[in-house]
Amino acid sequence: MIILGIESSCDETAAAVIESTDDGGIRLLSNITATSAGVHARTGGIIPEEAARKQVESIIPVIDLALKDAFSDQQLAIRVLISSYIDAIAVTIGPGLIGSLLVGVETAKTLAFVTGKPIIPVNHLVGHIYANWIVDDSPPFSAHSQKQGPLTVNSVRPSFPALALVVSGGHTDLVLMKDHGQLEWIGGTRDDAAGEAFDKTARLLGFEYPGGPLLSKAADEYLSQLSTVQSTLNLLPRPLLNQPNFDFSFSGLKTAVLRTIKDLVGEDQNMKMADYQWLSKMDIVQSEKSRLAAEIQEAIVDVLVDKALRAVEHYKPRSLLLAGGVSANSRLKEKMVEKIKKQSLDVQFHVPAPLLCTDNAGYIAGCSFYNYRVCDWKNIDANPELTIMDKI
Ligand code: KG4
Ligand code: ZN
């Protein structure tokens with residue numbers, strides 16, 4: 001089975017080809033991602049129309065490259081490559097930005113129609129979890145995909161029951177998976193998502209959008225100069241940490257960071273944020289910026305690790321899976337490993353390779369392989385409001 005995956009839910013335009021392996025697994029044959037993040041960096045956040053316009057420009061070249069890369073064929077047209085090699089086309093239908101989603105969905109429908117290939121709709125959030133099933137790092141990579149870096153950090157596939165912590169830019173969910181397609185939602189954020197908390201606080205510190213990776217880099221540099229992390233980083237609140245549930249709340253973090261910055265720059269606490277040109281007024285010295293970045297990262301990571309491991313104690317899954325862009329965060333992985341050991345928890349910990357954590361089409365194709373449900377192309381629509389539990 002060979003599947004072409006297409007993903008365009010936000011500011012990434014991605015296409016990938018996977019094939020099934022003899023032992024019931026999957027491996028990547030190609031994985032191409034174009035991003036319009038650079039366009040949004042200047043404005044501090046995503047402008048949906050701009051993102052959609054970039055999706056339109058990139059989608060065909062990206063699919064073309066993914067197919068050529070997978071089959072080492074530089075001559076044949078997209079339609080011929082799909083007709084000759086591809087068994088099914090998988091596409092993200094939501095959640096995401098409607099303009100962006102439509103580009104991928106309508107392209108996939110058109111390709112399915114002209115080639116007569118089956119099409120499989122994929123929930124982006126469930127898809128993220130399947131990055132953990134991409135564990136085979138010996139595919140016949142050709143030039144473009146290979147340049148993206150190491151493929152995987154895991155060498156075994158997850159076992160069920162599995163507990164998945166999905167932490168992306170717009171969502172934070174804890175779900176229990178009894179098997180493929182059998183999900184139970186056990187908790188999630190009540191307000192901002194973990195990635196959103198990283199991005200919003202990073203913006204306050206003057207990092208460009210998306211600030212998560214940049215804040216994390218500054219935090220890690222600061223941490224590497226400290227001897228004892230735990231005793232020093234406790235400036236910011238850890239919301240809902242001691243409550244007996246699996247819920248998260250990150251919106252208060254932004255206010256707490258803003259207060260700290262106002263203290264540092266000697267501003268009036270009663271002034272509204274809108275009254276300031278924050279980025280130009282920010283005269284926090286670099287070391288304070290890095291210290292604050294480390295405080296923010298530690299506060300977010302502490303809550304994620306604590307709640308996830310409490311859920312492990314409660315549900316006793318065989319595997320714990322991280323998924324979504326925030327799972328690329330080194331401190332999150334490090335602390336999860338530390339605490340699993342410290343608490344002697346009997347759980348196999350999985351986290352995708354960094355390039356598979358953030359949005360890409362490899363896991364979309366992977367998810368469709370394990371949840372193979374073909375749809376008539378006429379019945380597939382983009383759904384920006386889809387939740388992780390919605391059946392499609
Ligand atoms: O899953 P994803 O690529 O896109 C969505 O579906 O939202 O997640 C993007 C989010 C952004 O908020 C980004 O700042 C965050 O993941 N992110 C990180 C890191 N890499 C990406 N946050 C913290 N540390 C990182 N290393
Ligand atoms: Zn995502």
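Note: hydrogens, waters and symmetry copies are ignored here, and every other heavy atom, side chains too, is used. Whatever order the structure lists them in is the order used to number ligands and atoms, beginning at 1.
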I want to check something: taking the side chain as every heavy atom from C-beta on, are Lys117 and Leu4 in contact at a cut-off of under 4.5 Å?
no

Considering distance alone, does some N or O of Glu12 sit under 3.5 Å from an N or O of ligand 1?
no

Option of least heavy-atom distance to atom 19 (C) of ligand 1 (set: Gly325, Ala202, Ser216):
Gly325

Flag this pair as yes if the NZ/CZ of Lys289 is under 6.0 angstrom from the six-membered ring centre of Phe207 and inside a 45 degree cone about the axis; otherwise no.
yes

Do Leu28 and Leu356 have side-chain heavy atoms sitting under 4.5 Å apart?
yes

Please say whether Pro213 places an N or O atom under 3.5 Å from an N or O atom belonging to ligand 1.
no

Taking the side chain as every heavy atom from C-beta outward, state whether Val122 and Tyr363 have any pair of such atoms under 4.5 Å apart.
no

Flag yes if Tyr209 and Leu214 sit in one hydrophobic cluster, no otherwise; membership is Ile, Leu, Val, Met, Phe, Trp, Tyr, and two members link when side-chain heavy atoms are under 4.5 Å apart.
no

Taking only heavy atoms of Gly195 into account, list the atoms of ligand 1 that are under 4.0 Å away from them.
12 (O)

Using every non-hydrogen atom in the two residues, find where Ala52 and Val103 come nearest and quote the distance to one decimal.
O-CG2, 4.1 Å

Among all protein heavy atoms, pick the one closest to atom 24 (N) of ligand 1 and tell me residue, atom and distance.
Asn329 ND2, 3.0 Å

Shell check on the Zn ion (ligand 2): protein N, O or S atoms less than 2.8 Å away are His124 NE2, His128 NE2, Asp359 OD1

For atom 14 (O) of ligand 1, the protein heavy atom that lies nearest, with its residue and separation:
Asp199 OD1, 2.6 Å

N/O to N/O below 3.5 Å, does that happen between His128 and ligand 1?
yes

According to salt bridge (charged side-chain N to carboxylate O under 4.0 Å, His left out), does anything in residues 382-392 pair up with another residue at least two apart or in another chain? List the pairs.
none

Taking C-beta and beyond as the side chain, do Tyr315 and Val347 meet within less than 4.5 Å on heavy atoms?
no

Atoms in ligand 1 with a heavy atom of Gly170 nearer than 4.0 Å
7 (O)

Which segment of His124 sits under 4.0 Å of ligand 1 when only heavy atoms are counted:
side chain

Would you list the pairs meeting salt bridge (charged side-chain N to carboxylate O under 4.0 Å, His left out) in which at least one residue belongs to residues 157-176, sequence neighbours left out?
Asp23-Arg157

Would you indicate whether the side-chain heavy atoms of Thr358 and Glu12 approach each other to under 4.5 Å?
no

Atoms of ligand 1 close to Gly169 [distance to a heavy atom under 4.0 angstrom, numbered from 1]
5 (C), 7 (O), 8 (O), 9 (C), 10 (C), 12 (O)

Taking heavy atoms and a distance under 4.0 Å, where does Asp359 meet ligand 1: side chain, backbone, both or neither?
both

If you look only at pairs with a residue in residues 361-376, which of them pass as a salt bridge (charged side-chain N to carboxylate O under 4.0 Å, His left out), with sequence neighbours excluded?
Asp376-Lys378

